[in-house]
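Encoded as structure tokens, the structure appears first; notes follow it.
For the numbers below, each heavy atom of this structure counts, side chains included, while hydrogens, waters and symmetry mates do not. Just so you know, these numbers come straight off a predicted model, no measurement behind them. In what follows, every chain begins at residue 1, and chains take the letters A, B, ... in the order their sequences are listed.
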Protein chains: 2
Amino acid sequence: MAAPPRSPIGLQLARASKVVSGAFDDALAAAGGSLPVWLVLLSLKTRQPDNQRELAEAVGIQEATLTHHLNAMAAQGLLTRERDPANRRVHQVRLTGRGEDVFLRLRTAAVEFDRRLRGGIPDGELEELDRILQRLSANVSEQANDTEQGGAGGLPR
Amino acid sequence: MAAPPRSPIGLQLARASKVVSGAFDDALAAAGGSLPVWLVLLSLKTRQPDNQRELAEAVGIQEATLTHHLNAMAAQGLLTRERDPANRRVHQVRLTGRGEDVFLRLRTAAVEFDRRLRGGIPDGELEELDRILQRLSANVSEQANDTEQGGAGGLPR
DNA sequence: CACTAAACATTAGATGTCAAAGGCTATTAT
DNA sequence: ATAATAGCCTTTGACATCTAATGTTTAGTG
């Protein structure tokens with residue numbers, strides 16, 4: 001019809017995410033890294049994952065994908081992996097000094113990027129954005145039942 | 001001094017986008033399609049792209065990626081490609097009857113998904129969301145607005 | 001103890017994406 | 001006309017990612 005329905009919100013979201021994450025990747029590349037490398041380093045530093053499954057979950061990717069990145073990062077000398085002597089199923093991941101260096105450089109780039117990204121947008125609006133994004137995620141997640149997700153969504157934990 | 005650990009807005013965006021687009025892909029798969037196939041069909045129907053470059057731009061992917069999908073879709077009998085007799089550089093893309101059928105089925109799935117996605121969120125907030133998403137994209141786009149100082153002053157574009 | 005189940009991780013195969021390089025076709029300049 | 005340039009598309013090579021299948025090690029059970 002003349003006025004097609006409001007443009008699909010999912011499409012707007014996907015497009016914006018593509019633009020932003022592309023720009024972020026460029027910023028990290030300029031600092032000698034990449035998005036997955038940054039996420040792995042960040043998760044290693046901010047959490048203390050006991051095993052790769054937890055690390056993968058923190059990063060937001062599958063274990064198989066994580067294995068891939070850890071292999072590459074180990075080959076670059078950013079980290080080491082050894083079997084845990086107490087439980088030889090577990091691979092203990094540890095940053096090397098070079099890994100720490102890269103972490104610091106990428107953190108600088110990430111902080112700078114975040115400032116650029118939110119430039120000129122009031123904090124209140126960013127909170128609103130966060131709230132709506134969580135609501136959208138909840139709307140399409142497994143529990144497709146009703147909309148009891150009132151108030152503060154609470155962090156998934 | 002210690003910067004408040006506001007979680008990076010880009011990360012929230014990326015996570016939400018991943019969840020939503022994953023769910024959308026599932027919905028399309030249940031209807032016998034996929035995200036790229038749906039976007040190609042939609043762009044073919046709503047615009048009248050003169051050539052593949054325009055189609056790729058409408059879909060939001062590179063020409064090389066589009067070639068890949070068109071090959072697959074032609075192999076499935078969803079569309080045909082012929083050289084334009086008036087300009088033999090151009091490949092004219094046309095939907096087959098089967099392509100039309102798939103379009104209708106995927107459209108139903110997409111409409112249903114959009115309703116689920118926006119369920120319970122007031123229109124006003126969705127407009128706000130759209131506005132902020134566009135602002136975020138603009139903030140990191142090529143136009144390197146070097147200094148974000150000057151407050152909410154002139155927003156380029 | 002032997003068997004089975006669970007936990008942890010890797011490998012294999014598929015898809016979707018991009019950048020760079022190449023191959024036709026048409027247009028323009030000489 | 002012939003050569004140079006531009007436009008349109010495909011091919012190639014490289015990633016990141018997922019799912020499914022496979023190993024490897026530990027824990028549980030009769």
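For B:Asp114 against A:Pro8, the heavy-atom pair with the smallest separation is OD1-CA, 3.7 Å. Between B:Leu55 and B:Pro49, the closest heavy-atom pair is N-CB, 3.8 Å. Pairing each heavy atom of B:Arg116 with each of A:Ser141, the nearest pair is NH1-O, 4.4 Å. Listed here is the closest heavy atom pair of A:Arg118 and B:Asn139: C-ND2, 4.0 Å.
As a whole-Å value, the separation of B:His91 NE2 from D:dG7 P is 18 Å. D:dC8 atom P lies 10 Å from atom CG of B:Asp50, rounded to whole Å. We find that CG of A:Leu28 is positioned 15 Å from C1' of D:dA16, with the value rounded to whole Å. Regarding B:Gln92, its CD atom lies at a distance of 15 Å from the C1' atom of C:dT25, rounded to whole Å. Here D:dC9 presents its C1' atom at 10 Å from CG of B:Leu70, a figure rounded to the nearest Å. Taking atom CG on A:Leu66 and atom C1' on D:dT19, their separation rounds to 16 Å, with Å as the unit. Spacing between atom CG of B:Asn71 and atom P of D:dT12 amounts to 12 Å, rounded to whole angstrom units.
Around CD of B:Glu57, the count of heavy atoms belonging to other residues, nucleotides or ligands within 6.0 Å does not exceed 12.
With sequence neighbours left out, A:Asp25 forms a side chain to side chain contact (heavy atoms under 4.5 Å, CB included) with A:Ser34, A:Leu35. Checked against side chain to side chain contact (heavy atoms under 4.5 Å, CB included), B:Val90 has the following partners two or more places apart in sequence or in another chain: B:Asn51, B:Asp84, B:Asn87. With sequence neighbours excluded, the residues that form a side chain to side chain donor-acceptor pair (under 3.5 Å) with A:Glu125 are B:Arg131. Contacts of B:Ser43 classified as side chain to side chain donor-acceptor pair (under 3.5 Å), with partners at least two apart in sequence or in another chain: none. Checked against side chain to side chain contact (heavy atoms under 4.5 Å, CB included), A:Lys45 has the following partners two or more places apart in sequence or in another chain: A:Leu95, A:Glu100, A:Phe103. Checked against side chain to side chain contact (heavy atoms under 4.5 Å, CB included), A:Val93 has the following partners two or more places apart in sequence or in another chain: A:Leu44, A:Gln52, A:Leu70, A:Leu79, A:Arg81.
The ring-ring contact (aromatic ring centres under 6.0 Å, His included) pairs that include a residue from residues 110-131 of chain B are B:Phe24-B:Phe113, where partners are two or more places apart or lie in different chains. Judged as a ring-ring contact (aromatic ring centres under 6.0 Å, His included), not a single pair has a partner in residues 70-89 of chain A (not counting sequence neighbours).
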Could you list, one pair per line, each protein nitrogen or oxygen that sits under 3.5 Å from a nitrogen or oxygen of nucleotides 14-16 of chain C, together with the distance?
none

Give me the distances for all protein-to-nucleotides 22-28 of chain D N/O pairs that come in under 3.5 Å?
from: D:dT26; atom 1: OP1; to: A:Arg88; atom 2: N; distance (Å): 3.1

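Using a 4.0 Å cut-off, some side-chain N or O of B:Arg81 falls inside it from OP1 or OP2 of D:dT10. Checking the phosphate oxygens (OP1, OP2) of D:dT10, a side-chain nitrogen or oxygen of B:Gln52 falls inside 4.0 Å. Look at B:Asn51 and you'll find a side-chain N or O under 4.0 angstrom from OP1 or OP2 of D:dC9.
Within a heavy-atom distance below 4.0 Å of DNA chain C, no residue of residues 16-24 of chain B is found. Listed by residue number, the members of residues 55-64 of chain B with any heavy atom below 4.0 angstrom from DNA chain D are B:Glu63, B:Ala64.
In this structure a side-chain-to-backbone donor-acceptor pair under 3.5 Å is present from A:Arg83 to A:Arg88.
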